[in-house]
Amino acid sequence: MHSKLLPTAAVVLAFMLAPATQASAATIRIASQGDATSLDPHSHNESFTNYFLANVYEGLVGRDRDFKIAGQLAESWEQVDDKTWIFKLRPGVTFHDGSEFNAEDVVFSFDRALAESSNFKHVLASVDSYRAVDDLTIEIITTAPNPILLNDLLDLMILDKQWAEANGAEEPINLQAEEKSFSATNANGTGPFAISSRAQGEKTELVKYADYWNESGNIDKVVFTPINNASTLVSALLSGEVDLVMPLPLQDIARVESAKGIKVVSSPEARTMYIGMDQWRDQIIESPVEGNPFKDLKVRQAFAHALDAQAIIDRVMQGQATLSTQYVMDKVNGYNPALERLAYDPEKAKALLAEAGYADGMELTMDCSTDRYVNDGQICQAAVSLLARVGVKVNLIAQPKAQFFPKVVAPEFGTSFFLLSWTPSTMDSLNVFQNVLGSRDLDNGRGAWNISGCSVPEADAIVEEAAVTMDADKRRAMLEEAMALMVDDVCLIPLHVQQLVWGAAENIDVVQHPTFEFPLEYYNVN
């Protein structure tokens with residue numbers, strides 16, 4: 001085994017201060033409406049947190065500048081039979097504290113990702129076993145052929161085993177239980193940037209890792225500040241206080257475009273916004289309604305007919321979104337082009353509610369974040385108004401994501417009506433089925449984000465077959481069929497695919513990926 005060295009304070013301090021002493025040091029100041037919820041890479045499977053940490057931690061594979069899967073900590077791999085994969089690890093890689101990376105860190109991280117408190121068990125759902133063959137070789141054996149194992153591994157970041165054990169971080173923190181741990185506020189990865197200071201909700205500073213194994217841009221320091229007030233966010237960009245805001249408030253696009261020295265950067269995002277309805281409880285929560293109306297398909301259809309998704313795009317999203325017919329965007333494998341959404345029809349909605357026994361309407365509570373998605377609070381307010389037109393009174397609980405997520409993903413899923421979204425990091429709809437649409441089987445990592453509790457066993461069976469089908473065309477047809485079944489069941493109400501819209505100083509070259517990844521190693525200051 002490679003030797004491991006515990007960091008000394010002097011070594012760490014010297015490393016952290018090194019970029020500031022360079023004459024050519026470039027600093028970029030980034031602001032966003034929310035913050036990473038934790039620095040623990042296995043505790044909360046939330047896109048922004050994942051992609052923030054992807055600048056600090058790495059996996060066996062990752063996305064390159066052109067969004068193609070490329071080696072990170074694995075420099076090569078080979079599938080030796082239908083179920084067996086051999087990964088050759090990159091030699092000479094070190095963690096930010098100077099300790100050497102090797103196969104025992106991979107095995108430890110895989111074990112950690114399967115811990116009870118982990119939010120990443122789905123990543124290894126297809127894996128039967130894994131082991132270190134030697135210091136720089138990992139063997140992975142899947143339970144059945146897995147055509148997208150590399151895609152699955154994109155989400156699994158590698159920790160230093162010795163660092164985690166020395167700091168009591170053998171398992172991920174339980175975010176829902178609001179646990180505190182060293183790994184939540186400290187990090188030690190192999191990525192292009194290291195955390196130099198962290199004050200959650202206030203400011204996080206990252207510095208370029210001088211011994212990073214790969215080439216990176218000319219940015220030596222990144223100062224990240226969450227600003228959840230839209231006008232303050234834009235003012236900071238216009239005044240030069242920050243260099244990049246993501247996302248840019250949609251109402252300020254024209255203002256930023258006309259400003260000197262600032263540009264708008266835009267591209268499609270693989271994020272589908274949806275409204276979810278509790279279909280598993282016998283009694284919905286935070287509502288005076290007796291029983292659970294959402295178990296009735298007619299009620300779910302009524303809500304879908306009541307929500308004018310195009311109006312939300314036009315007025316709330318200011319045209320910066322595309323109408324959704326299903327639970328993935330058109331660039332994701334498994335998208336079904338034949339599907340249509342239930343049309344906006346408030347009279348039809350009223351009729352369906354009456355047929356279901358709710359002619360006088362109903363009252364319920366909706367949970368919504370205010371700083372996670374583009375105009376999320378306004379989307380929920382629009383939904384409240386639209387539902388009121390068909391006799392549904394909605395009491396809106398809108399709160400920052402730091403409070404929203406622990407509530408809605410609590411062990412008993414503390415919501416019965418909510419706004420959420422999903423981005424399949426694999427760009428394959430199997431990811432959506434495993435996390436959001438598949439019938440809950442939490443012990444085996446399926447349905448961790450199926451907060452609605454929807455279940456279509458026929459679709460589950462098709463997806464299980466697709467998961468082990470190596471023929472790409474057959475597999476795609478299976479996923480499309482399963483998607484149609486979920487849409488017919490109104491598992492969720494899809495709204496739109498949002499657009500990535502950022503504001504940036506003209507002298508900064510940025511890279512946007514459709515998953516919202518922001519790989520800082522590809523950024524440059526001109």
Side-chain angles (χ1 to χ4, degrees), residues 268-280 293-313 321-346 348-349 351-353 355-356 379 383 386-387 417-424 426-440 446-447 449-467 474-498:
E269 183 179 6
R271 176 175 301 283
T272 300
M273 301 298 304
Y274 61 81
I275 286 178
M277 304 154 286
D278 180 346
Q279 296 154 58
W280 64 282
F294 291 130
K295 288 192 171 185
D296 189 330
L297 175 61
K298 290 180 179 178
V299 173
R300 301 198 299 274
Q301 290 172 331
F303 273 56
H305 282 299
L307 292 168
D308 189 347
Q310 187 60 55
I312 291 174
I313 291 173
T322 304
L323 194 67
S324 292
T325 61
Q326 54 205 278
Y327 310 121
V328 294
M329 73 176 300
D330 58 2
K331 291 182 174 60
V332 174
N333 188 46
Y335 172 88
N336 189 330
L339 297 181
E340 297 180 1
R341 62 177 298 113
L342 294 178
Y344 172 59
D345 189 340
K348 179 68 172 177
L352 286 167
L353 287 172
E355 290 176 28
I379 293 170
L386 289 163
L387 288 166
F417 190 55
F418 54 92
L419 176 78
L420 267 178
S421 76
W422 193 258
T423 300
T426 60
M427 296 300 284
D428 188 280
S429 61
L430 179 62
N431 176 274
V432 183
F433 283 104
Q434 288 174 330
N435 287 280
V436 179
L437 302 176
S439 300
R440 281 187 200 151
R446 186 176 70 188
W449 283 86
N450 185 354
I451 295 170
S452 70
C454 65
S455 178
V456 181
E458 184 181 353
D460 291 337
I462 294 170
V463 170
E464 285 181 10
E465 186 177 356
K474 289 181 179 179
R475 184 174 178 278
R476 185 182 306 109
M478 292 175 186
L479 294 173
E480 290 181 11
E481 181 183 0
M483 185 66 69
L485 290 170
M486 302 308 299
V487 169
D488 288 345
D489 190 64
V490 195
C491 171
L492 306 163
I493 302 173
L495 295 177
H496 58 258
V497 173
Q498 69 182 30

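Every value quoted in this text rests on a predicted model; they were computed, and no experiment measured them.
Shown here is K295, whose NZ atom has more than 12 heavy atoms of other residues, nucleotides or ligands within 6.0 Å. Remark: E355 CD is packed, more than 12 non-hydrogen atoms of other residues, nucleotides or ligands lying under 6.0 Å away.
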- [ ] Test D489 against R300 for side chain to side chain contact (heavy atoms under 4.5 Å, CB included), laying out the working first.
- [x] CA-CA 8 Å; D489 190 64; R300 301 198 299 274; 3.3 Å; yes
Open item on the list: Could you go through I312 and L386, starting from their C-alpha distance and side-chain angles, then the distance that decides it, and tell me whether this counts as side chain to side chain contact (heavy atoms under 4.5 Å, CB included)?
Closed with: CA-CA 10 Å; I312 291 174; L386 289 163; 4.2 Å; yes
TODO: Determine, step by step, whether M486 and C454 satisfy the side chain to side chain contact (heavy atoms under 4.5 Å, CB included) criterion, reporting the C-alpha distance in whole Å, the side-chain angles of both residues, the deciding distance to 0.1 Å, and the verdict.
DONE: CA-CA 9 Å; M486 302 308 299; C454 65; 4.1 Å; yes
TODO: Output, in order, the C-alpha distance, side-chain angles, deciding distance and verdict of side chain to side chain contact (heavy atoms under 4.5 Å, CB included) for R475 and D428.
DONE: CA-CA 11 Å; R475 184 174 178 278; D428 188 280; 2.8 Å; yes
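Annotation: side chain of N450 is in contact with side chain of S452 (closest heavy-atom distance under 4.5 Å). Inter-residue side-chain proximity for D330 and V497 is flagged as unmet; no heavy-atom pair is nearer than 4.5 Å. With contacts defined as side-chain heavy-atom distances shorter than 4.5 Å, the pair Q310/Y344 does not qualify. The side-chain heavy atoms of F418 and Y274, taken from C-beta on, include a pair separated by under 4.5 Å. Looking only at side-chain heavy atoms (C-beta outward), F303 and L352 stay at 4.5 Å or farther from each other. L323 is listed as a side-chain neighbour of I313, based on a closest heavy-atom distance under 4.5 Å.
S429 places a side-chain N or O within 3.5 Å of a backbone atom of N333 that can act as its donor or acceptor partner. Judged purely by atom type and a 3.5 angstrom limit, N336 has no side-chain atom pairing as donor or acceptor with the backbone of M483. With hydrogens and angles ignored, the 3.5 Å screen pairs a side-chain donor or acceptor of Q279 with a backbone N or O of C491. No donor-acceptor pair closer than 3.5 Å links the side chain of R446 to the backbone N or O of G438.
Taking CZ of R440 as the start and CD1 of I451 as the end, the distance is 8.0 Å to the nearest 0.5 Å. The structure places CD of E480 at 12.5 Å from CG of L485, a figure rounded to the nearest 0.5 Å. E269 contributes atom CD, which lies 12.5 Å from atom NZ of K331 (distance to the nearest 0.5 angstrom). With rounding to the nearest 0.5 Å, the separation of OG1 in T272 from OH in Y335 is 9.5 Å. Atom CG of residue D345 and atom CG of residue D308 lie 10.5 Å apart, to the nearest 0.5 angstrom. How far CD1 of I493 is from NE2 of H305: 10.0 Å, rounded to the nearest 0.5 Å.
Of all the heavy atoms in P268 and M329, the pair that sits closest is CB-CE, 4.3 Å. The nearest pair of heavy atoms linking I275 to A383 is CD1-CB, 4.0 Å. The two residues I379 and H496 make their nearest non-hydrogen contact at CD1-CE1, 3.7 Å. For L492 against P494, the heavy-atom pair with the smallest separation is O-CD, 3.4 Å. Residues V299 and A356 approach most closely at CG2-CB, 3.7 Å, considering heavy atoms. Shortest non-hydrogen contact noted between R271 and S421 is NH1-OG, 2.5 Å.
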Can you give the donor-acceptor pairs under 3.5 Å from side chains of residues 430-437 to other protein atoms, not counting sequence neighbours?
from, atom 1, to, atom 2, distance (Å)
N431, OD1, W422, NE1, 2.7
N435, OD1, H122, ND1, 3.4
N435, ND2, N431, O, 2.8

